[in-house]
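Order of the sequence lines sets the chain letters (A, B, ...), proteins ahead of strands, with each chain counted from 1.
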Amino acid sequence: MRWAIYLDMDAFYLSCEARRRPEIRGRPAVVAHDPAGGKGRGVVLSASYEARKHGFRSAMPVREAWRLGQEVLWIPPDFPYYEATSREVMALLRQRSPAARQFSIDEAALPWDGEDASGAEAEGRAIQDEIRNRLGLPCSVGIGPSILLAKMASDRAKPGGLVVISPGDVAEFVGSLPVRAVPGVGAVTERDLGAVGVRRVGDCLAVPGPALRRAVGPLAGLLRDLARGRWEEEPWPEESEPKSLGAMSTFSEDTSDPEELTRTLRRFLDDLERTLKHQGYAYRTVTLRVRFADFHALQRSRSLPHHTHETRSALGVATTLLREILHPDPAHPKRPVRTVGLTLGDLKPWAGGQKDLSSFARETDGSQAPLPDP
DNA sequence: TCTGGGGTCCTAGGACCC
DNA sequence: TCTGGGGTCCTAGGACCC
């Protein structure tokens with residue numbers, strides 16, 4: 001059978017920082033946006049296990065974290081460094097298996113063929129040791145008969161452990177877990193499941209299939225399968241291409257100044273154009289998202305007639321979309337904007353990009369050279 | 001008490017075509 | 001004067017992930 005070995009880096013951003021600043025080790029520390037003296041609008045991105053003992057959590061608003069006390073070491077995020085570190089981890093995994101797949105900046109999985117779990121387990125420990133010894137980074141490892149189950153095992157293994165779910169153990173392992181522990185079940189689905197009396201995965205078996213499907217849609221099938229100890233047999237995922245590239249920013253104070261909004265969009269597009277060229281993609285769809293002070297969000301998108309890698313046309317489209325969002329009715333007063341975001345979508349590889357030719361040939365199957373823009 | 005920035009995937013309705 | 005059954009494409013919104 002094929003096992004999935006799933007790696008989840010522990011407190012990844014913070015571990016990256018500790019790698020280059022060893023004095024951080026063992027101290028309560030967080031990687032977080034600027035607290036601005038308790039007035040910041042960001043969140044905590046990563047908290048050390050020592051900081052967690054004091055109540056710090058990732059995704060916690062910095063204002064709330066600020067109130068917990070300032071003796072914690074507060075580190076501003078350095079995403080380029082975390083991305084570079086992530087590439088080092090992936091390079092190491094790809095040496096062990098070319099089928100290694102990355103799922104986020106700090107998660108990845110590789111396949112392992114073998115009847116009994118012991119081989120996969122030995123490989124998982126070897127990977128864990130190699131990443132710790134060569135890169136100085138801790139990670140948790142989960143092993144299971146599907147990527148989803150291996151991921152759930154890695155959650156259970158945190159921090160720094162290794163957990164194996166064998167095919168015969170699936171129902172027992174998942175049965176007592178809260179539904180929220182299943183990837184894909186978020187706050188809304190948790191609430192909807194609660195409304196039909198399902199709090200743990202095992203509770204699904206007490207609810208008739210159609211009622212469960214009415215409550216949570218297609219997730220119902222996945223949850224019932226898990227509760228019965230079954231899982232989807234899926235082919236190992238292919239290497240995937242990005243589908244969109246975007247940028248967003250939250251203002252330190254809400255604004256309805258059209259000049260400031262347009263300036264921000266122009267800055268986004270300059271950055272995005274560089275990324276498109278560097279990575280070798282053209283786009284066709286422009287999406288503008290605006291979040292207002294009350295957190296309500298609107299989005300408008302428009303597709304160009306052809307793919308392009310230049311963002312000049314996108315700026316015109318984006319400003320039109322901005323007007324449509326902000327002034328649906330000219331008689332309406334302007335609503336202050338909290339966050340603005342711009343995404344370029346419907347990406348396709350662009351031959352004029354600076355991507356090196358070997359990776360380009362691999363991604364296009366090598367069978368045909370994509371045409372340049374018309 | 002507020003809630004970042006980067007993404008993916010799904011649904012649903014309407015336009016349009018055969 | 002009353003209209004089906006496919007299909008694809010586009011757009012808006014929302015859930016979810018790290």
Partners of [X] by side chain to side chain donor-acceptor pair (under 3.5 Å), sequence neighbours excluded?
X: Arg289(A); answer: Gln299(A)
X: Arg302(A); answer: Glu324(A)
X: Thr189(A); answer: none

N-glycosidic conformation, dT3(B) - syn within 90 degrees of 0, else anti: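 Anti, angle beyond 90° from zero.
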Tell me whether the side-chain N/O atoms of [X] come closer than 4.0 Å to OP1 or OP2 in [N].
X: Arg338(A); N: dG4(B); result: yes
X: Ser249(A); N: dG4(B); result: no
X: Thr189(A); N: dC16(C); result: yes
X: Lys39(A); N: dC2(B); result: no
X: Ser244(A); N: dT8(B); result: yes
X: Lys243(A); N: dG7(B); result: no
X: Arg284(A); N: dC10(C); result: yes

All pairs passing ring-ring contact (aromatic ring centres under 6.0 Å, His included) where residues 25-69 of chain A contributes a residue, at least two apart: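 Sorted pair list: Trp66(A)-Trp74(A).
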Under 4.0 angstrom, heavy atoms only, what part of the nucleic acid is [X] near: base, sugar-phosphate, or nothing?
X: Ala247(A); answer: sugar-phosphate
X: Pro77(A); answer: nothing
X: Val185(A); answer: sugar-phosphate

Chi angles and distances behind the side-chain hydrogen bond (donor to acceptor under 3.5 Å, both in side chains) call for Ser303(A), Thr285(A): CA-CA 4 Å; Ser303(A) 293; Thr285(A) 307; 3.1 Å; yes
Tyr13(A) ring center within less than 6.0 Å of Tyr81(A) ring center: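 No; Tyr13(A) has its ring centre 6.0 Å or more from that of Tyr81(A).
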DNA chain B contacts made by residues 43-50 of chain A, counting heavy atoms under 4.0 Å: Val43(A), Leu45(A)
DNA chain B-proximal residues of residues 257-274 of chain A, any heavy atom under 4.0 Å: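 Contacting residues: none.
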Single-linkage hydrophobic cluster, 4.5 Å side-chain cutoff, Phe103(A) and Met9(A) together: no
In residues 21-28 of chain A, what donor-acceptor pairs under 3.5 Å come from side-chain atoms, sequence neighbours left out?
none

Whole angstrom is fine here: how far is it from [atom1] in [X] over to [atom2] in [N]?
X: Glu83(A); N: dG5(B); atom1: CD; atom2: P; result: 15 Å
X: Phe251(A); N: dC2(B); atom1: CZ; atom2: P; result: 21 Å
X: Asp346(A); N: dC9(C); atom1: CG; atom2: C1'; result: 11 Å
X: Leu342(A); N: dG7(B); atom1: CG; atom2: P; result: 11 Å
X: Tyr82(A); N: dG6(B); atom1: OH; atom2: P; result: 15 Å
X: Leu321(A); N: dC10(C); atom1: CG; atom2: C1'; result: 13 Å

Aromatic ring pairing His296(A)/Phe292(A), orientation class (parallel under 30°, perpendicular over 60°, tilted between):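 It falls in the parallel class, under 30°.
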Verify stack between Phe295(A) ring and dC2(B) base, 5.5 Å, 30 degrees: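 One would not call Phe295(A) stacked on the dC2(B) base.
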Contact nearer the 5' end of DNA chain B, comparing Leu245(A) with Glu64(A): Glu64(A)
Of Arg67(A) and Pro242(A), the one whose closest DNA chain B nucleotide lies more 5': Arg67(A)
Passing candidate, side chain to side chain donor-acceptor pair (under 3.5 Å) with Arg125(A), options Glu123(A), Gln128(A), Glu121(A): Glu121(A)
Give the table of side-chain donor-acceptor pairs shorter than 3.5 Å for residues 267-274 of chain A, with sequence neighbours excluded, one pair per line with atom names and distance.
{"residue": "Asp271(A)", "atom": "OD1", "partner": "Arg274(A)", "partner atom": "NH2", "Å": "2.9"}
{"residue": "Glu273(A)", "atom": "OE1", "partner": "Thr311(A)", "partner atom": "N", "Å": "2.6"}
{"residue": "Glu273(A)", "atom": "OE1", "partner": "Thr311(A)", "partner atom": "OG1", "Å": "2.7"}

Pairwise C1' distance, dT3(B) and dA15(C) [rounded to whole Å]: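 16 Å, rounded to whole Å.
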C1' spacing across the pair dC16(C) / dG4(B), given as an integer number of angstrom: 16 Å
Distance, nearest 0.5 Å, that separates OG of Ser140(A) from CG of Leu162(A): 9.0 Å
Which pairs of donor and acceptor atoms, one on a side chain in residues 336-344 of chain A, lie under 3.5 Å apart (sequence neighbours left out)?
{"residue": "Thr339(A)", "atom": "OG1", "partner": "Thr250(A)", "partner atom": "OG1", "Å": "2.8"}

Extract all donor-acceptor atom pairs below 3.5 Å that involve side chains of residues 171-186 of chain A and protein atoms in other chains or at least two apart in sequence.
{"residue": "Arg180(A)", "atom": "NE", "partner": "Val185(A)", "partner atom": "O", "Å": "3.3"}
{"residue": "Arg180(A)", "atom": "NH1", "partner": "Glu190(A)", "partner atom": "OE1", "Å": "3.4"}

Which nucleotides of DNA chain C pair, in dot-bracket form (Watson-Crick or G-U under 3.5 Å, | meaning another strand): ....||||||||||||||
Proximal nucleotide (of [options]) relative to the [X] side chain:
X: Arg291(A); options: dC10(C), dC2(B), dG4(B); result: dG4(B)
X: Arg180(A); options: dC10(C), dC17(C), dT3(B); result: dC17(C)
X: His33(A); options: dG6(B), dG4(B), dC18(C); result: dG4(B)

Any side-chain heavy-atom pair of Arg300(A) and Thr287(A) under 4.5 Å: no
Please list, for nucleotides 11-15 of chain B, all pairs of protein and nucleotide N/O atoms separated by less than 3.5 Å.
none

Check: Ser244(A) main-chain N/O paired with Tyr281(A) side-chain donor or acceptor under 3.5 Å: no
